[in-house]
Amino acid sequence: MQPTRTKPKLRSIIAGALTLVATLAVSASEPLPPWQQKLEQSAFSGTVLIAKSDTLIFQQSFGLADREKQRAFDNTTVFDIGSLTKQFTATAVMQLVEQGKLSLTATIDNYLADVPADKQQITIHHLLSNSSGLPTNPPSISFYDVIDSESYTRQVLQLPLVAAPGERYHYSNLGYYLLAQLIEMASGQNWEAYIQQHILLPAGLTATGYRLADIPQHRLAINYGADPNWLQRAFGLQAKSRSVGDSLQHLRQQPGKRWFEGSGGFVSTAQDMQRWYQIIQTGQILTAASWQLMFTPHIAENTEKGSYYGYGWAIDKQHGFNRINHTGSNGYSYATFDYYPDVGLFIFTASNDIDNYPYPLLTEIKQSVLEVITSG
């Protein structure tokens, strides 16, 4: 999911040259590498995992998953992965395409009833590649409001398009909501149940999911944010970071369907994300042709930066290397998934406090890791 609140400016910019030892690890008798020291000294709370092929070469958690209970982030902490959910939705769609139950070139009026004329040219390809022209988010519904899928789908189809289908890239959580509905129609299962049965469990991802994830509450990270009230906004005062609860709290308080299903909602662990990277790298779950379509740069996100969107993935170059990636957020959490296929490198980060996510430092760490990997 794209953040639903304005992302604040970083409180500090962490700069300086970073170096990595060749193994990306140090013994207890050796000093910590500079980048690890800076992470520990920052306000970052979350986890960093680095792997190459099937080898884990670095993992460490930082800060607190629950400040009130002084519970540290660790390898078992479960956190929100936001729009990383889209890659699982897209994978499910591609499985159903392989089975002949969906078609990438079919327009949505083949599956959905009463599709308005301006949307009858939207194909499944358009939904997957964020080129449908549908808006990013609904204009008048709260993030966790319960919906009725049938009536809500009709509402989505009545929204004005921001562009003609296929004309240009426009990130759309609503498009992935519709994909979840198509998964249900084609499979005869709830969208998440299909993903769990045919993707997550076969892939060995046991701590990933939304309402079907069997996660003990004490393992869930608490999300934090510094949201100003009206008085603080009026006088430009800094709000204090506070708890907004864990990412599945809304389901315990009020069960029911949400509008973002298919586009976000999943929680996971660093271990599950490493396992998912291994599935991708070794070409499991889908055929080679389907994985190639997933990672094809179908439409330009940003031509100047050389960034494109595939099916549930962004494709670009970072520090001179091809990168398949995505970020995810619910406005408070933040997760990044970076896969560099040319060198078989995977870098994953997750945090329960986007306000204190050290963007410059993590960017430099990625560059340093790539330099070490390619020079070794």
Side-chain angles (χ1 to χ4, degrees), residues 1 46-47 49 65 73-96 143-144 146-147 149 173 176-184 186-223 245-280 284-286 294 312-313 326-337 348 350-352:
M1 299 286 293
T47 191
L49 185 150
F73 242 98
D74 61 30
N75 293 348
T76 68
T77 300
V78 179
F79 39 75
D80 200 306
I81 61 171
S83 278
L84 300 191
T85 306
K86 289 181 174 66
Q87 59 199 245
F88 296 102
T89 300
T91 302
V93 170
M94 293 306 296
Q95 278 192 343
L96 293 166
F143 194 64
Y144 290 124
V146 174
I147 62 163
S149 293
N173 290 315
Y176 271 77
Y177 162 81
L178 290 182
L179 287 172
Q181 306 313 299
L182 296 181
I183 290 170
E184 295 187 354
S187 69
Q189 293 181 263
N190 167 269
W191 74 280
E192 186 191 355
Y194 177 89
I195 291 174
Q196 184 186 64
Q197 179 180 344
H198 297 278
I199 299 172
L200 299 178
L201 295 183
L205 277 61
T206 58
T208 300
Y210 182 44
R211 60 173 50 81
L212 300 181
D214 185 18
I215 307 297
Q217 191 174 339
H218 69 269
R219 288 181 57 194
L220 288 163
I222 303 298
N223 298 316
D246 67 67
S247 295
L248 299 180
Q249 178 175 290
H250 62 282
L251 290 177
R252 298 193 301 272
Q253 293 174 340
Q254 188 179 14
K257 288 199 170 187
R258 265 67 180 189
W259 71 266
F260 54 75
E261 294 190 39
S263 66
F266 272 19
V267 297
S268 190
T269 63
Q271 281 72 23
D272 267 18
M273 290 294 95
Q274 182 191 4
R275 177 61 183 154
W276 181 234
Y277 146 72
Q278 291 171 334
I279 293 292
I280 294 166
Q284 300 177 57
I285 301 294
L286 295 176
M294 293 272 283
W313 293 95
H326 217 289
T327 62
S329 176
N330 62 7
Y332 300 93
S333 65
Y334 189 62
T336 69
F337 189 115
F348 179 80
S351 176
N352 61 342

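Excluded from the calculations below are hydrogen atoms, water molecules and symmetry mates; all remaining heavy atoms, backbone and side chain alike, are included.
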Checklist entry - How far apart are the C-alpha atoms of L205 and S268, what are their side-chain angles, what is the distance that settles it, and do they pass the side chain to side chain contact (heavy atoms under 4.5 Å, CB included) test? => result CA-CA 8 Å; L205 277 61; S268 190; 5.6 Å; no

Item to check | L49 and Y277: CA distance, side-chain angles, deciding distance, side chain to side chain contact (heavy atoms under 4.5 Å, CB included) verdict | outcome: CA-CA 11 Å; L49 185 150; Y277 146 72; over 6 Å; no

Item to check | Verdict with supporting geometry, I199 and W276, side chain to side chain contact (heavy atoms under 4.5 Å, CB included) | outcome: CA-CA 10 Å; I199 299 172; W276 181 234; 3.8 Å; yes

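Partners of E192 by salt bridge (Lys or Arg N to Asp or Glu O under 4.0 Å), not counting sequence neighbours: none found. For D246, the salt bridge (Lys or Arg N to Asp or Glu O under 4.0 Å) partners at least two apart in sequence or on another chain are R252. Remark: F266 pairs with F88, W191 by the ring-ring contact (aromatic ring centres under 6.0 Å, His included) rule, at least two apart or across chains.
Note: N223 CG to S351 OG = 9.0 Å, rounded to the nearest 0.5 Å. The CD1 atom of I285 sits 5.0 Å away from the CD1 atom of I279 when rounded to the nearest 0.5 Å. A distance of 7.0 Å separates CH2 in W313 from CE in M294, rounded to the nearest 0.5 Å. Atom CD of Q196 sits about 9.5 Å away from atom CG of N190, to the nearest 0.5 Å. Here the straight-line distance linking atom CD1 of I81 with atom OG of S333 works out to 9.5 Å at 0.5 Å rounding. The OH atom of Y194 lies 12.0 Å from the OG1 atom of T89; values are rounded to the nearest 0.5 Å.
Taking all atoms of both residues into account, the shortest heavy-atom contact from G265 to T85 is N-OG1, 3.6 Å. Annotation for E261 and A180: closest pair O-CB, 3.8 Å, computed over non-hydrogen atoms. Between S329 and Y334, the shortest heavy-atom contact is CB-CD1, 4.1 Å. For the residue pair Y176 and G312, the shortest heavy atom distance occurs at OH-N, 3.0 Å. Between I183 and A92, the closest heavy-atom pair is CD1-CB, 3.7 Å. Across every non-hydrogen atom of T77 and A65, the tightest pair is CG2-CB, 4.0 Å.
For the pairing with R219, the side chain to side chain contact (heavy atoms under 4.5 Å, CB included) check across D74, V267, T76 returns one residue only, T76.
Using a 4.5 Å cut-off on side-chain heavy atoms (C-beta onward), K86 and N173 make contact. Put simply, the side chain of D80 does not reach to within 4.5 Å of the side chain of Y332, judged on heavy atoms. The shortest side-chain heavy-atom distance between L84 and M273 falls under the 4.5 Å cut-off. Residues L220 and Q249 form no side-chain contact, since every pair of their non-hydrogen atoms from C-beta on lies 4.5 Å or further apart. In this structure, the side chains of Q274 and F348 stay at 4.5 Å or more apart for every pair of heavy atoms.
Not a single donor-acceptor pair under 3.5 Å links the side chain of R258 to the backbone N or O of F143.
Side-chain contact of N75 with T269: a donor-acceptor pair under 3.5 Å is absent, judged by distance alone.
Taking the six-membered ring for Trp and thresholds of 30 and 60 degrees, Y144 and H250 have nearly parallel ring planes, at less than 30 degrees apart.
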